[in-house]
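Heads up, the thing below is written out as structure tokens.
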Amino acid sequence: MTTANPHDRIVVVGGGIAGLATALHLAPLPVTLLVASPLGQQASTPLAQGGIAAALGADDDPALHATDTLQAGAGLSNPDVAARVARAAPSCIEWLVAQGASFDRTASGDGLILGLEAAHSRRRIVHAQGDRTGRSVLEALIHAVRKTPSIQIMENHRVTDLALDANGAAAGAFCAPWGSEGSEEPILIPGRAVVLATGGIGGLYAHTTNPLTAQGGGLALAARAGAVLRDLEFVQFHPTAIAAGLDPMPLATEALRGEGAMLVNSRGERFMQAVPGAELAPRDVVARAIFAQICAGERVFLDTRHVLGEHITSKFPGVTALCRAAGIDPIRDPVPVRPAAHYHMGGIKVDDQSRSSVEGLWACGEVASTGLHGANRLASNSLLEALAYAAWIADGIRGMESRPSMVQPPSPSFAPWHRSNSRNQQSLCLQQIRSVMDRQVGVLRDAAGLHQAVRHCSALTHEARSIRERDAVLVSLMIATAAYSRNESRGAHQRLDHPHLMPEQHTEMTLDQALRIAAEIDNETAAPVRRVA
Ligand SMILES: Cc1cc2nc3c(=O)[nH]c(=O)nc-3n(C[C@H](O)[C@H](O)[C@H](O)COP(=O)(O)OP(=O)(O)OC[C@H]3O[C@@H](n4cnc5c(N)ncnc54)[C@H](O)[C@@H]3O)c2cc1C
């Protein structure tokens with residue numbers, strides 16, 4: 001085993017907004033930043049089109065932002081967390097500007113342009129370069145990180161296991177250079193704290209807007225280290241992914257509906273008209289309405305022509321380019337859309353400083369469950385959450401005492417590990433997972449489908465041949481198990497067989513508990529998972 005850099009450093013895993021913001025806030029403490037790909041690639045952050053929510057308008061207030069967040073969260077968002085994050089939002093935008101990000105300003109240059117998105121009661125979405133917010137912000141952060149001497153960047157290094165000490169506390173990470181997984185000894189990067197900022201799970205679904213590598217790898221790392229995961233069943237499906245045969249699917253941002261774009265079916269009917277909020281109803285409502293049309297044999301289109309016409313090219317250059325790359329001219333034609341897995345509200349359960357239940361292990365960004373999003377995320381709150389928590393994580397780690405520790409070797413691995421030649425390579429096992437998750441753990445769920453999904457995933461645990469496959473199967477199994485166990489419909493989790501609300505409770509589980517419950521489900525004697533009010 002190679003031991004690299006035996007310093008008292010902090011290991012940050014992930015090169016999206018969460019990882020980079022955490023590394024920057026930690027400066028000048030020494031940080032090793034481990035990223036599975038080159039910086040700027042294979043992350044959700046550069047794909048973010050909508051923007052970042054912050055109560056900056058004269059008619060707005062953080063309390064209103066928090067109220068909208070709680071409303072979207074359908075009873076499972078934590079009011080203290082929502083209030084704290086909403087209060088932090090204006091300073092997060094200022095911090096980004098100080099890092100070199102620039103946001104779209106009004107013609108006079110006095111203020112930021114504030115956009116409207118679904119379920120926000122005020123215009124409060126700040127953008128950079130129109131719909132290129134994520135890419136623009138990420139580029140500024142990459143530039144800042146590369147200039148910061150305390151941050152050692154290791155690109156193309158995928159973390160395969162957390163390093164634990166004899167007490168089970170996180171003491172670093174084992175990683176493998178890209179393409180060498182399983183064929184070489186893992187490299188140990190020791191650290192007094194580890195921050196997982198590994199993003200979401202959309203890549204586990206056949207229809208997704210996420211990079212295909214977003215397969216919940218960080219959830220698996222934490223789960224295998226014994227961490228408690230929370231509310232994994234809550235997966236947000238974006239209603240308007242562009243249905244043009246691309247994988248992952250490009251997104252037609254919600255801001256288009258904010259500008260007045262309409263949803264119509266193949267017969268030209270505006271089917272959202274009768275629904276409260278119409279096209280700007282909460283995401284889960286719109287996603288289900290579109291899904292119902294598709295199940296009824298219709299195609300669904302987002303029509304921007306009457307409200308934007310040719311202006312779509314200047315106001316939404318990113319969407320225009322994505323449409324054209326998919327062979328669609330949005331000035332002339334309505335854009336075909338369908339729901340796709342987009343954002344994971346569930347994640348590693350963390351406290352108000354973003355500490356997990358494993359000592360020394362922290363989580364930031366989409367991989368964390370902070371209590372902000374509850375059962376459904378309010379649009380443009382996720383970049384904000386990552387920024388707010390990155391600062392709080394740095395404060396927490398700064399206040400931590402250094403603890404010397406002896407790292408235990410990683411647990412026995414799958415053998416043989418197969419070399420993967422492409423980051424996006426789809427093995428048969430991954431194809432099966434994506435298909436099962438899409439069909440049975442998707443927009444609409446029921447006991448029979450979830451039962452099949454758990455059984456299918458259980459069977460696939462014996463077929464996984466690489467670390468990536470193993471982790472994808474474990475995370476899918478945990479999501480399906482959590483979804484099977486929640487006998488109600490709330491937010492993004494909709495059960496055809498349990499359409500009503502039950503008393504508000506979170507789902508919490510460790511990997512051992514999930515495997516036990518999955519075995520019971522397999523035997524059709526499922527016991528309920530631990531529920532916490
Ligand atoms: C199309 C799209 C549009 C969106 N629009 C918006 C929006 O407008 N506003 C908003 O607030 N949110 C939006 N979101 C959601 C938001 O972009 C994400 O939630 C957010 O960017 C997640 O940031 P992150 O840093 O947690 O993860 P990511 O940006 O996904 O970064 C994860 C990083 O972890 C690395 N990684 C993963 N596993 C490992 C491993 N084992 N070892 C090493 N590295 C690893 C990856 O390579 C990557 O660098 C959008 C998402 C998508 C997909």
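Both backbone and side-chain heavy atoms feed into the values below; hydrogens, waters and symmetry mates do not. For clarity, every value in this text was computed on a predicted model and none was experimentally measured.
- Distance check, rounded to the nearest 0.5 Å: CD1 of I312 to SG of C323 gives 6.0 Å.
- Y205 is listed as a side-chain neighbour of V235, based on a closest heavy-atom distance under 4.5 Å.
- A donor-acceptor contact shorter than 3.5 Å is absent between the side chain of S136 and the backbone of T133.
- In terms of the ring-ring contact (aromatic ring centres under 6.0 Å, His included) criterion, H65 has no residue partners (sequence neighbours excluded).
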Side chain to side chain donor-acceptor pair (under 3.5 Å) for T320 and R324? Distances and angles first, verdict last. CA-CA 6 Å; T320 308; R324 288 188 172 150; 5.9 Å; no
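- The side-chain heavy atoms of P336 and I328, taken from C-beta on, include a pair separated by under 4.5 Å.
- D438 places a side-chain N or O within 3.5 Å of a backbone atom of A206 that can act as its donor or acceptor partner.
- The neighbour count for E259 CD, taken as heavy atoms of other residues, nucleotides or ligands under 6.0 Å away, is above 12.
- Side-chain contact of E366 with S44: a donor-acceptor pair under 3.5 Å is absent, judged by distance alone.
- In summary, the side chains of Q236 and D284 do not present any donor paired with an acceptor at a separation below 3.5 Å, with no hydrogens or angles considered.
- Listed by first then second residue, pairs satisfying ring-ring contact (aromatic ring centres under 6.0 Å, His included) with a partner in residues 302-345 read H238-H342, Y343-H373, not counting sequence neighbours.
- By the salt bridge (charged side-chain N to carboxylate O under 4.0 Å, His left out) test, D131 pairs with no residue at all, sequence neighbours left out.
- Residues L302 and L256 come closest through the heavy atom pair CD2-CD1, 3.9 Å.
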Go through T69 and L372 one step at a time and tell me if the side-chain contact (heavy atoms from CB on, under 4.5 Å) criterion holds. CA-CA 8 Å; T69 301; L372 180 68; 3.7 Å; yes
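- Between R122 and D68, none of the side-chain N atoms (NZ, or NE/NH1/NH2) sits under 4.0 Å from a carboxylate O, so this pair counts as no salt bridge.
- Side-chain atoms of R84 come within 3.5 Å of backbone atoms of D352 as a donor-acceptor pair (strictly under, hydrogens ignored).
- Residue pairs meeting the ring-ring contact (aromatic ring centres under 6.0 Å, His included) criterion with at least one member in residues 83-106, sequence neighbours excluded, are H25-W95.
- Inter-residue side-chain proximity for T148 and I151 is flagged as met; some heavy-atom pair is nearer than 4.5 Å.
- The side chain to side chain donor-acceptor pair (under 3.5 Å) analysis of residues 103-114, with sequence neighbours excluded, yields the pairs T106-S108, S108-D110.
- Contact of the V300 side chain with the L263 side chain is registered, since non-hydrogen atoms from C-beta on lie closer than 4.5 Å.
- Of the charged side-chain nitrogens involved, none lies within less than 4.0 Å of a carboxylate oxygen, so that E117 and R257 do not count as a salt-bridged pair.
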S37 vs N156, test: side chain to side chain donor-acceptor pair (under 3.5 Å). Steps then yes/no. CA-CA 4 Å; S37 59; N156 294 310; 5.9 Å; no
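- In this structure, G19 and A197 approach most closely via the heavy-atom pair N-CB, 3.4 Å.
- Considering all non-hydrogen atoms of both residues, V85 and A388 come closest at CG1-CB, 4.5 Å.
- Legend: residues meeting side-chain hydrogen bond (donor to acceptor under 3.5 Å, both in side chains) with Q494, ordered by chain and number and at least two apart, are absent.
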Full working for side-chain contact (heavy atoms from CB on, under 4.5 Å) between R434 and L204: CA-CA 5 Å; R434 295 186 73 197; L204 297 174; 5.6 Å; no
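- The shortest side-chain heavy-atom distance between V286 and M272 falls under the 4.5 Å cut-off.
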What verdict does the side-chain contact (heavy atoms from CB on, under 4.5 Å) test give for L450 and V441, after you've listed the backbone C-alpha separation in whole Å, the side-chain angles of each residue and the deciding distance to 0.1 Å? CA-CA 6 Å; L450 291 167; V441 197; 4.0 Å; yes
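- Residues passing the salt bridge (charged side-chain N to carboxylate O under 4.0 Å, His left out) test with R445, sequence neighbours excluded: none.
- Put simply, the side chain of Q293 reaches to within 4.5 Å of the side chain of F271, judged on heavy atoms.
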Residues Q215, R468; criterion side chain to side chain donor-acceptor pair (under 3.5 Å); working and verdict: CA-CA 8 Å; Q215 291 172 350; R468 193 171 146 196; 3.2 Å; yes
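- Closest heavy-atom contact between A66 and A86: N-CB, 3.9 Å.
- With no hydrogens or angles considered, a side-chain donor-acceptor pair links R486 and T507 at under 3.5 Å.
- When every heavy atom of G203 is checked against every heavy atom of T208, the shortest pair comes out as N-OG1, 4.1 Å.
- D446 pairs by the side chain to side chain contact (heavy atoms under 4.5 Å, CB included) definition with A448, L496, D497, not counting sequence neighbours.
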Run the salt bridge (Lys or Arg N to Asp or Glu O under 4.0 Å) test on E488 and R495 for me, step by step, so that the C-alpha distance in whole Å, both residues' side-chain angles and the decisive distance to 0.1 Å come before the verdict. CA-CA 6 Å; E488 65 165 346; R495 289 277 303 254; over 6 Å; no
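- By the salt bridge (charged side-chain N to carboxylate O under 4.0 Å, His left out) test, E469 pairs with no residue at all, sequence neighbours left out.
- With hydrogens and angles ignored, the 3.5 Å screen pairs a side-chain donor or acceptor of T240 with a backbone N or O of A252.
- With T22 contributing its side chain and A390 its backbone, the two residues share no donor-acceptor pair below 3.5 Å.
- A donor-acceptor pair is defined here as one N or O able to donate and one able to accept, closer than 3.5 Å; such a pair exists between the side chain of H127 and the backbone of G50.
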Between I331 and R305, does a side-chain contact (heavy atoms from CB on, under 4.5 Å) hold up when you go through it step by step? CA-CA 6 Å; I331 301 173; R305 295 172 299 179; over 6 Å; no
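- Of all non-hydrogen atoms in L141 and L20, the two that sit nearest each other are CB-CD1, 3.9 Å.
- Looking only at distances, no side-chain donor or acceptor of D231 sits under 3.5 Å from a matching main-chain atom of G346.
- Within the structure, side chain to side chain donor-acceptor pair (under 3.5 Å) contacts touching residues 325-340 (residues at least two apart or in different chains) do not occur.
- A salt bridge is defined here as a Lys NZ or Arg NE, NH1 or NH2 lying under 4.0 Å from an Asp or Glu carboxylate O, and R146 with E155 meets this definition.
- Under the rule for a salt bridge (charged side-chain N to carboxylate O under 4.0 Å, His left out), R299 has no partner lying at least two apart in sequence or in another chain.
- The shortest distance between side-chain heavy atoms of I433 and C429 falls below 4.5 Å.
- Every residue meeting the ring-ring contact (aromatic ring centres under 6.0 Å, His included) condition with Y389, not counting sequence neighbours, appears here in chain and number order: W392.
- Using modelled atom types, no side-chain atom of S354 and backbone atom of V350 make a donor-acceptor pair closer than 3.5 Å.
- Contact of the H120 side chain with the L378 side chain is registered, since non-hydrogen atoms from C-beta on lie closer than 4.5 Å.
- Under the 3.5 Å distance criterion, the side-chain polar atoms of R490 are matched with a main-chain donor or acceptor of A74.
- A donor-acceptor contact under 3.5 angstrom links the side chains of N265 and E269, judged on distance only.
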